[in-house]
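Notes for the one structure printed next.
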Amino acid sequence: MTIRVVIVDDQAMVRAGFAALLSAQADIDVVGEAPDGRQGVQVSRSSHPDVVLMDVRMPEMDGLTAAREILDPPPGVVHRPKVLMLTTFDIDDYVYEALRAGASGFLLKDAPPADLIAAVRVVASGEALLAPSVTRRLIADFVRQRPAPRKDPALRLNGLTPRESEVLELIARGLSNQEIAGHLVLAEQTVKTHIGRVLAKLGLRDRAQAVIFAYEAGLVRPGDSA
C-alpha cells in the first residue's frame with residue numbers, strides 16, 4: 001500500500017528536499033505541498049493524505065493551529081490523517097501542545113534522511129513516533145513549569161488496573177514494548193494488549209498522548225528515571 005504524504009513548510013527548499021527524498025521511495029507518494037498552515041489544512045482536506053509533515057513555525061497559520069484543525073475537523077469532514085510535526089528545536093512548547101492535540105510525534109528537521117523515511121512509515125502504520133530521550137525531556141521540561149498536575153487526569157487513573165498503571169508509567173519513561181515486556185517479565189503481545197486497554201480506557205489516540213497524560217496526571221514527574 002502506498003503512503004500518501006503532504007508536506008507543509010514555509011521554506012521551499014525544505015519542501016523540495018523532503019519531497020524528492022520521499023518520492024524516491026517505492027511505497028511513498030507525495031500528493032501535496034503547502035507553504036503555511038492555512039494552505040496546509042486546505043491541501044490535506046482535498047488530497048486525503050495518510051501523513052502530514054507539519055512544520056511548527058510558519059506564517060499565516062502556525063503548525064500547531066493547523067494540526068488542531070486537521071486532527072479535530074468540523075462536522076462533515078471524515079478524513080483525519082496522521083500528523084508528524086517538524087521542528088528545528090528539540091525543546092519546543094509548540095511541539096508539546098501539538099502532541100496533546102493528537103499529533104503522532106515529532107522529528108527534528110536535521111534528522112538523517114533515513115530517519116525521516118522511517119518516521120513516515122511508522123506514523124502511517126498507526127504507531128506514535130517517540131524518540132524517548134528527546135520527547136521525554138520535552139514533556140518533562142514543559143510539565144516542570146506547571147504548578148501542579150491536573151486533577152482530571154489523576155482521577156481518570158482510577159479506572160486502570162494496577163498492571164495497566166504500571167505499563168502506562170513505563171511508556172512515559174520512554175520504554176519500548178520489548179523493554180516493558182522484559183521489565184515486567186511479560187510476553188510482548190501481552191504488553192500490547194495492556195497498552196490497547198490503557199488507551200481505550202483513557203480515551204487516548206496513541207502512545208504520544210499516553211506519555212503526556214502520565215505526566216499531567218502526576219504518575220511520572222520530571223526528573224524520574226526509568
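This one's a predicted model, so the numbers in the text were calculated from it and none came from an experiment.
- The heavy-atom pair separating M85 from A67 by the smallest distance is SD-CB, 4.1 Å.
- Checking side-chain atoms of S46 against main-chain N and O of V43 turns up a donor-acceptor pair under 3.5 Å.
- Rounded to the nearest 0.5 Å, atoms OG (S44) and CD (Q39) are 11.5 Å apart.
- The shortest distance between side-chain heavy atoms of V30 and I7 falls below 4.5 Å.
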Mind listing the side-chain donor-acceptor pairs of residues 69-81 below 3.5 Å, one per line with the distance, residues two or more places apart or on another chain?
unit_1: H79; atom_1: NE2; unit_2: P49; atom_2: O; d: 2.5
unit_1: R80; atom_1: NH1; unit_2: L71; atom_2: O; d: 2.6

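- For E188, there are no salt bridge (Lys or Arg N to Asp or Glu O under 4.0 Å) partners, not counting sequence neighbours.
- One finds the CZ atom of R173 at 8.0 Å from the OH atom of Y215 (value rounded to the nearest 0.5 Å).
- Atom CG of residue L202 and atom CG of residue L160 lie 4.5 Å apart, to the nearest 0.5 angstrom.
- Within the 4.5 Å cutoff, no side-chain heavy atoms of L53 are placed close to those of V8.
- Every pair passing side chain to side chain donor-acceptor pair (under 3.5 Å) that includes a residue from residues 191-204 is listed here, sequence neighbours excluded: E164-K201.
- For the pair D27 and T2, the minimum side-chain heavy-atom distance is 4.5 Å or more.
- A 4.5 Å side-chain heavy-atom check between V56 and D62 finds every atom pair outside the cut-off.
- The salt bridge (Lys or Arg N to Asp or Glu O under 4.0 Å) test applied to R45 returns no partner, not counting sequence neighbours.
- No side-chain heavy atom of L86 sits under 4.5 Å from any side-chain heavy atom of M54.
- The shortest side-chain heavy-atom distance between I28 and S23 does not fall under the 4.5 Å cut-off.
- Here the shortest heavy-atom pairing between V120 and V51 reads O-CG2, 4.0 Å.
- E169 and L219 get closest at one heavy-atom pair: N-CD2, 3.7 Å.
- Proximity of L116 to L107: side-chain heavy atoms (C-beta onward) are separated by under 4.5 Å at one or more points.
- Taking D10 as the reference, nothing meets the side chain to side chain donor-acceptor pair (under 3.5 Å) condition, with sequence neighbours excluded.
- Applying the side chain to side chain donor-acceptor pair (under 3.5 Å) rule to E166 yields the partners R163; only residues at least two apart in sequence or on another chain are considered.
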After noting the C-alpha distance and the side-chain angles of V31 and V5, does the key distance pass the side-chain contact (heavy atoms from CB on, under 4.5 Å) rule? CA-CA 6 Å; V31 297; V5 176; 6.0 Å; no
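- Here the OG atom belonging to S47 is positioned 11.5 Å from the CD atom belonging to Q42, to the nearest 0.5 angstrom.
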Checking side-chain contact (heavy atoms from CB on, under 4.5 Å) for the pair S104/L84: CA distance, chi angles, key distance, verdict? CA-CA 6 Å; S104 294; L84 177 60; over 6 Å; no
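- Going from atom CG of N177 over to atom CG of L186 covers 11.5 Å, rounded to the nearest 0.5 Å.
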Please walk me through it: do I3 and R121 pass side-chain contact (heavy atoms from CB on, under 4.5 Å)? CA-CA 8 Å; I3 303 169; R121 289 172 176 155; 4.0 Å; yes
Stepwise, does the side-chain contact (heavy atoms from CB on, under 4.5 Å) test hold for L204 with I212? CA-CA 10 Å; L204 305 174; I212 290 169; over 6 Å; no
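- A donor-acceptor distance shorter than 3.5 angstrom exists from the side chain of D50 to the backbone of R4, with no hydrogens or angles considered.
- In this structure, R38 contributes its side chain and M61 its backbone to no donor-acceptor pair below 3.5 Å.
- Under the 4.5 Å side-chain criterion, counting only non-hydrogen atoms from C-beta, V191 is not in contact with L184.
- Expressed to the nearest 0.5 Å, how far CG of D115 lies from CG of L108 amounts to 9.5 Å.
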